[in-house]
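The block underneath contains the structure these notes are about, expressed in structure tokens.
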Amino acid sequence: MTGSPQYSLLARFIFQDAHYRKKAPATPKPGAFLPKPSTLKISALWRDTLPEQEIWEIGDSLGAARSKQPLARADFDVAAVSEAKLAIEPDPKPHPLHVNLCGWPIGKDEQKAIALLLCARSTLIVR
Amino acid sequence: MTQYCPTFDTSLGLRGWASSGVSEVARQGKLSLEKWLGHYLEPRLELLLPEIENLRVASDASQIGVDSDTISAATQFAYSLPRFGPIPEVSADPDGEISFDWIGPSGQMFSVSVNKQNRLAYAGWFGEKSRIYGIEQLAESCPQQIVHGIEKASR
């Protein structure tokens, strides 16, 4: 699955200060997108229909498991996921609009190339 | 005639000097040059090395495991970095590797991740039609592909 017919906009929450750059050009850094080796997937949220405040509230609930609140988020279009050759897997357990981006390569250099692509296609929203 | 002929590399540190000078004058010349270079280079390392060391503490808070071997490899990589251009931003990757990121004024990016096996995984985004990625091994001097990546991201 590469998307959901009714949605096209995604958000990736950033929980670490070092994973985004605040000064110009403000941008997420590749570390914000890299998957853990144990899962080879990253979490994201369909945000099309959500007001700003609700996006952050969902981020808070997703971060509760690790006792962290999102400091920022990277907003991007589903087209970037296709371009990165990643797959979108619905994962509605934490939230109905929550998904995982799967299909990451094993090679760290290839992962970084994908992470940079997603950085380039994203808009950083600082909380 | 007394000659001092150091082999210049691109590294940030002062290691790896090779000299054919053997006289006292040559040795004094070498010491003077090192002192002079150190005056300009040390501030870069003074900024970068504590940031790398801090990742050990920061990783505890963020639950990312950055171990001593990775810190050591990242420190060695910092010493090998070119003397030109901006100082990279460092952070911990989710797998415990240490990432060095250069972000240019127009959004160009170059990123190198160092692991405890001294492996350097790099990727660069310099525009829609200019992207690179690859693997290198940590060495005394910075691999050329990485030097080029830093140059391109810094323009």
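Proteins get letters first, then strands, A, B, ... in listed order; numbering begins at 1 in each.
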If I compare all heavy atoms of [X] with all of [Y], which pair ends up nearest, and what's the gap?
| X | Y | result |
| --- | --- | --- |
| B:Pro94 | A:Pro35 | CB-O, 4.3 Å |
| B:Ser113 | A:Lys112 | OG-NZ, 2.7 Å |
| B:Tyr122 | A:Asp109 | O-CB, 3.8 Å |

Linking I/L/V/M/F/W/Y whenever any side-chain heavy atoms sit under 4.5 Å apart, do [X] and [Y] land together?
| X | Y | result |
| --- | --- | --- |
| A:Leu124 | A:Ile114 | no |
| B:Ile135 | A:Ile106 | no |
| A:Leu34 | A:Leu62 | no |
| B:Phe110 | B:Val147 | yes |
| A:Ile58 | A:Leu101 | yes |

Going by residue number, which parts of residues 22-29 of chain A are within reach of chain B, meaning a heavy-atom gap below 4.5 Å?
-> A:Lys23, A:Pro25, A:Thr27, A:Pro28, A:Lys29
In terms of heavy-atom contacts, does OH of B:Tyr133 have more than 12 from other residues, nucleotides or ligands at under 6.0 Å?
->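 Atom OH in B:Tyr133 is not crowded, with 12 or fewer foreign heavy atoms closer than 6.0 Å.
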Got more than 12 heavy atoms from elsewhere within 6.0 Å of CD, B:Glu128?
->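 Buried by this count: over 12 neighbours within 6.0 Å.
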Chain B contact via A:Leu117 - side chain, backbone, both or neither, heavy atoms under 4.5 Å | both
Under 4.5 Å from a heavy atom of chain A, the part of B:Gln108 involved | neither
State plainly whether the residues B:Arg131 and A:Glu110 are in salt-bridge range, i.e. N to O under 4.0 Å.
->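 No salt bridge links B:Arg131 with A:Glu110.
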Salt-bridge criterion met for B:Asp95 and A:Lys108 (N-O under 4.0 Å) =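 Yes.
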Heavy atoms only, distances under 4.5 angstrom: which of A:Ala120, A:Ala32, A:Ser38, A:Gly107 has the most pairs with chain B? Name it, please.
-> A:Ala120
In this structure, CD1 of B:Ile103 is separated from CG of A:Leu116 (nearest 0.5 Å) by 9.0 Å
So, the side chain of A:His19 versus the backbone of B:Ala92: is there a donor-acceptor pair under 3.5 Å, distance only?
-> yes
Which residue out of B:Ser91, B:Ser99, B:Ser106, B:Gly107 racks up the most heavy-atom pairs below 4.5 Å with chain A?
-> B:Ser91
